[in-house]
Structures are given as structure tokens and as C-alpha cells.
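Note sheet for the following structure.
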Amino acid sequence: MLKINSLEQYQSEYKRSVENPELFWEGIAESFEWKKKWDKVLDWNFDEPNVKWFDGGQLNITENCLDRHLDSIGDKVAFHWVPNDVSEKGRKISYRELHAEVCKFSNVLTRNGIKKGDRVCLYMPMVPELVIAVLACARVGAIHSVVFAGFSAQSLSDRINDCNCNLVITADGAFRGAKTIDLKSIVDESLLTCTSVKKVIVLERTKTEASMLAGRDVWWHDEMLNTSPNHQAETMNSEDSLFILYTSGSTGKPKGVVHSTAGYMIYAEYSFRNVFQYQADDIFWCTADIGWITGHSYIIYGPLLAGATSIMFEGVPTYPDAGRFWDIVDKYQVNLFYTAPTAIRALQAKGLEYIKPYKLDTLKVLGTVGEPINEEAWHWYNDEIGKGKCPIVDTWWQTETGGILISPLAGITPLKPTYATLPLPGIQPCLVDSEGNEILGNDVSGNLCVKYPWPSMIRTTYGDHERCRQVYFSTYKGKYFTGDGCKRDEDGYYRITGRVDDVINVSGHRIGTAEVEDAINTTDKVIESAVVGFPHPIKGQGIFAFVISSSSDNENYIEEIRAQVTKVIGPIAKPDRILLVDGLPKTRSGKIMRRILRKIASGEFSKMGDTSTLLDPAVVEHICDVYSQEK
Ligand code: 7RM
């Protein structure tokens, strides 16, 4: 596997990767275990789109994550699992143990009727069994669809139905901070509207009372009893789907982003090793939840493919107090630490006394992901956590990109605070103007696209390929459009400035404004709503909803709207502010002018810009008045 060790090498590899991408990626693919080598490295067009990497190749990703390591590092710890509660004992799982558990659970899946190509939904807490279940799906060739355990019953059933899952794997409950979430009862509610699900496997975690439907629901521990730890991994083609992960876009319905097997695998290990400059025996900790892409690529696949030891943490950064992360870093001697700007800001706000008791002297590399990091948070992270000695890798990527595309290589790329810096070798980003022309040269801004395929890119949106084409490949012909705005400075460094579409980034999680509006509109007495993002000191962006309703009980009504959004989507989409208004700024053609609402939501009343195309310009003044009264 290519490991870049210097800036000169980065530059020469980058050049090589652009001059001959197929040769570049072929060299990387060689280091994996294939059941059959590929016929063709790359076949592509961005018009349909149709992208095939290593076509004709056969493999199983779990043999690359597990089997191939057994002789060399079988007894090495794959995961140190750290429970939510400080009083509960942690667990450590070696590569050999993980392999045996995955094989056992693969046999359980087969016994429960799961075959290659079936979709399996996972709705679980952050426990080792989630990793085991994900890998067992991959081993038998089932397509996993992990749904973050913070989503509501309705969101869960939407996701189960969209891809017709046959099986759901869940737990009785989840511990998250001081809360216990009754996962099984949420699953029960969601399954009332899911006819494709034949079986539910339930892990015992919280010992919360769980109702078990005879013939449908079985316990994980019962199923694992007397099950063989031997399993022959299914043979998968390079382009067979590995997983689906739902993500929000600018329309109401989340999309099922589909990733392939070989390309995703290759990019996960390549990016992990190079961005974090992983060295054998480093202890790596990515604090994300496996319900998001970061957890898929940098808790499960990247580190396991590299044979790394990782921390898997069940809890939250502030429980039992804001020193929890640092306690874990010291206790497990973490070397590489990867988290989100929102967590950094939340901990920064709690004060330095939560850091003082800890040494943090094992840390070598710090990373961030999920949203633009602000200057203050960057410096705090650098000074207080890294003690000025740890490079910060600000990693830009997306659910659709599968892995990190633009990021410093730790200790190699000279840093600039708040810059994701440079593309990894093999990645060809470009900026385009509103006409779709590529903007060349430096010290420019535009919309961020990628003009050449990379192995871990999105293949389709499940069940609706046209939507994939439309959303990502139709805005700018021949280019993948990211939805992000971006600056390229005088040194050619990239700084991602945020979404240019109707997507809000709340604590690093993407939420479509249309999705929230749809949820709000299901509240009794809502006539119309408009949702925009606004700057939030901890979350990055908050959710601001302008609502027209026929209700007269304003105070309780706002709570009712909040509760409805929580019910329809989940607590992460709950609006931070709701303003009850009499009208919305609309153009003569009926389009809501979000630009104006965004200004008001961030408290800027001056320089509203051109409002002459508004049907009723007075509505702007009205909304500003209501806003000022509420403040
Ligand atoms: C990995 C992940 C993707 C969106 C993306 C951006 C934003 C992510 C950064 C960032 C600035 C970063 N996947 N984003 N990383 N913005 N700097 N380093 O987050 O699909 O959930 O979100 O997140 O807007 O398009 S995601």
C-alpha cells in the first residue's frame, strides 16, 4: 500500500495520479487480497453516470479486514470498546475474536434466510455487536443499511421501506449519556408500516423490557448459541453493492447513497493510512457514530483494513462530564484522534478545568470532519489538546465520496488554520462558476466539483438512478457536483465554505430544509413553513423555522411543532428557533426568497438586497418586527 512520507513524494504521487490514474490506483489495489484479479481498472462516464472500478475482480471485503490479518496480528486488539457508563467494564476484541464473532453471526444471518444482495437494516447502539453485524452482512454479501439510532420510528420505516429490507438488527435499548433510548419499541412502531421485514434480531444491551413478536423477533444471544465460528466468505464482484447509507439533500426525501465493494475498500484503507499517517501500533480513535459515513469508513473499514487498533466509544463527549474524551485518551494512550468541530466547540465552552487533569501526551495527530471549523475552535484544539505539537488534519469529504478527498497529510502538508488544504493523490477537484465554466488559477472561489472518478465514489441512489444523475451529475456537465462552496487561495489551498444548496449542516449532520418543512407541515394548524440555517455557536448551524399557522395559542404551539419534528425525523432536526409569522417573502411566481429569511434568521436586517420582485415587500418588515419582539 502506497504510503506517502514527504511533501516531495506527495507532489510526485499527485502528478503521477493525474497523468495515469489507472496505473496509480492499480498499484494500490495490488496490496489487497483478491479471489480473482480485475479485468479492467476503470470504465466511466459521468453522463449516466456509470462508474466501474476493477470490474471483473472478485473478493470479500471482510477477508481483507479480518482473515488476511490472522496469521500476522491475530492477537492484536482490533477494538477497545469503552461503554457509556464509567462504572461499566470495557471490552477488548482481538482480530481473531472479531473474526470468529463475524463468522458466527454470518451463519446466523444465513440461518435467518439472508442471502447475497438482500438488504439488512441496522438500528443499534455503539457496541461491538454493531461492527460484528455490519461485517457479517458484508461477509454473506448482504447490503447493510445502518440507520443512526437517533432517528425516529417514522424515519426508520421510510429507510427500511425505501430499500425493502428483509431483516432488522437492533437492541433492546441504547445508553447515551444520562439517557436510555428504547430502541426495540421504536423498531416495533416503525415495523407497523414495513411489510418487507420478516425477521428482527435483538441484542440485549440495556435490559429494557422488550416485547418479542413470536415468529419474527429473536434474541441475538439465542441465535449465537451453538453456532459455528467457521464461515466461508461469499465471493463478491468488485462492483457489487457493499452498503446503503441515507443522507439528506435539498428535496424532502433522504437518498440512499450506494457504495460498491472494491473501490470503497481500496479508498478506505488508502485514505486512512495517508491522512492520519498511521503507523503500526498507533491507537486510533474516531469519535463518530457508525450511523454516519465517518463511522463506516474510519471506525470500521479503514482501520480494520489497515490492521489498526481503535477505540469504539458508546457514549457522548459530555457524560459524565466534559473531561470524558480526555480521560479516554489518557487511559487508552490514544495517538490519533478524530472528531467533529461541534464537539470541539462544545468542550471549549465548558472551560479548561476539564482538560487540566489529563496529560494528553500520547497524542500525535488530531483530525476534524463534518463542517467548516472556525478559527477559534481550531486554535483551541491546537493549543489545548494538541499542545501545539500535533498537526490538525481538517478532512473534507461527504457520504457520497466514501472517504476523505481533501485534507492535509498529517505532518507532511504545511497547515493553514480552517483550510482542508490539498486533494489526496488520485483526486481531481475543480471550481466552477454559475455558468458551469471551470475557474482556473488561484485566489478564486466557486462551487466545488470533482472532474475525474475515484474508487469510493457514489455509484447510485438506491432504487432511483435518475435522481443520482440529477443531483450530482447534471448541474455541471461531466463533473460530480458536491453541493459545497469553496475558495482556492493564492497557494492553491482549498477552504470549504459550506453548502450552497438547501441543506443545513447541524453539528456536522446534514439536514434538508425541505425535509424539516415537510415535518413541520404535518403539525395540526400549520398553513405553511420555511426553514433556513443560521449561525449557531456550538452546532455550527442551527435550524430556524418561519411558520404560518391558524393557531392562537402561540406558546404551546411552538412546543407542539418541535415535538412533531422530533416525532417525524428525530431530535437532531428539532428547530432551534420558531417564529410564528403572518406571511413569507415570496416572488410573484410563488418561490420563497430564502436569502431574505437567512438574513433575518441571523439577525441582519440591513442590506436585504433587491426585494422588488417580491409579491408583497411589506412582509419583510412584518417578519423583522416579529423577530425583534421575540428576541
Ligand atoms: C464526512 C461528512 C458532508 C458535508 C460536506 C460539507 C461538510 C464535511 C468538512 C465539511 C468543511 C470540512 N459527510 N463538511 N467535512 N465542510 N470542512 N472538513 O461529514 O455527508 O455527512 O456531510 O459536510 O458541507 O458537503 S456528510
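All of these numbers come straight from a predicted model, not from anything done at the bench. The first residue in the sequence is number 1, and the count goes up from there. Counting starts at 1 for both ligands and their atoms, following the listed order.
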(request) Taking the six-membered ring for Trp and the full ring for Phe, Tyr or His, determine whether the centres of F284 and F276 are under 6.0 Å apart. (result) yes
(message) Closer than 4.0 Å to some heavy atom of V369 - which atoms of ligand 1 meet that?
(response) 1 (C)
(message) Is a donor from one side chain sitting under 3.5 angstrom from an acceptor on the other, for S155 and Y246?
(response) no
(request) Starting from atom 15 (N) of ligand 1, locate the nearest protein heavy atom and write down its residue, its atom name and how far away it is, to 0.1 Å. (result) G370 N, 3.1 Å
(request) Measure T368 to ligand 1 on non-hydrogen atoms and call it side chain, backbone, both or neither using the 4.0 Å cut-off. (result) neither
(request) Could you pull out the closest heavy-atom pair between G446 and I439, with the gap in Å? (result) CA-CD1, 4.0 Å
(message) Does this structure show an ion pair linking D47 with R469, if we count only N-O contacts that are shorter than 4.0 Å?
(response) no
(message) Polar contacts were defined as any N/O atom of the residue lying under 3.5 Å from an N/O atom of the ligand; does this apply to D394 and ligand 1?
(response) yes
(request) Would you check whether T395 has a nitrogen or oxygen atom less than 3.5 angstrom from a nitrogen or oxygen atom of ligand 1? (result) yes
(request) Mind checking whether V503 contacts ligand 1 via backbone (N, CA, C, O), side chain (CB onward), both or neither, at a 4.0 Å heavy-atom cut-off? (result) neither
(request) For ligand 1, note which part of T399 has a heavy atom under 4.0 Å away: side chain, backbone, both or neither. (result) both
(request) Considering the heavy atoms of I496, write down every atom of ligand 1 situated less than 4.0 Å from one of them. (result) 11 (C), 16 (N)
(request) Return yes or no for this condition: an N or O of T482 is under 3.5 Å from an N or O of ligand 1. (result) no
(request) State if G483 counts as touching ligand 1 under the rule of any non-hydrogen atom under 4.0 Å. (result) no
(message) How far is atom 5 (C) of ligand 1 from the closest protein heavy atom, and which atom is that?
(response) D484 OD2, 3.1 Å
(message) Taking 4.0 angstrom as the limit and counting only heavy atoms of I293, give me the atoms of ligand 1 inside it, by number and element.
(response) 1 (C), 13 (N)
(message) List the residues meeting ring-ring contact (aromatic ring centres under 6.0 Å, His included) with W285, not counting sequence neighbours, and say none if there are none.
(response) F313, F325, F337
(message) Closer than 4.0 Å to some heavy atom of P372 - which atoms of ligand 1 meet that?
(response) 11 (C), 16 (N), 17 (N)
(request) Using the ring pair (Phe, Tyr, Trp, His ring centres under 6.0 Å) rule, pick out the option among Y480, F24, F46, W44 that qualifies with Y452. (result) W44
(message) Under a plain distance cut-off of 3.5 Å, with no hydrogens placed, do R495 and T418 share a side-chain donor-acceptor pair?
(response) yes
(request) Consider ligand 1: state whether an atom of it lies below 4.0 angstrom from any non-hydrogen atom of W292. (result) no
(message) What I want to know is whether T294 and ligand 1 share at least one N or O pair that is separated by under 3.5 angstrom.
(response) no
(message) Check whether F151 forms a cation-pi arrangement with R159 (NZ or CZ under 6.0 Å from the six-membered ring centre, at most 45° off the ring normal).
(response) yes
(request) Give the residue, atom name and distance (to 0.1 Å) of the protein heavy atom nearest atom 2 (C) of ligand 1. (result) W397 O, 3.7 Å
(message) So does G249 get a backbone contact from the side chain of R510, meaning a donor-acceptor N/O pair under 3.5 Å?
(response) no
(message) Among all protein heavy atoms in this structure, tell me which lies nearest to atom 17 (N) of ligand 1, with the distance rounded to 0.1 Å.
(response) E371 O, 3.4 Å
(message) Heavy-atom distances under 4.0 Å decide this one: backbone, side chain, both or neither, for R510 against ligand 1?
(response) side chain
(message) Ring centroids only, cut at 6.0 angstrom: are H296 and H259 within range, meaning strictly under it?
(response) no
(request) Check whether the side chains of D394 and W378 place a donor and an acceptor atom closer than 3.5 Å, and report yes or no. (result) no
(message) Below 4.0 Å, non-hydrogen atoms only: which portion of N505 touches ligand 1? Side chain, backbone, both or neither.
(response) side chain
(message) So, using side chain to side chain contact (heavy atoms under 4.5 Å, CB included) as the criterion, who are the partners of E48 when residues are at least two apart?
(response) N45, N50
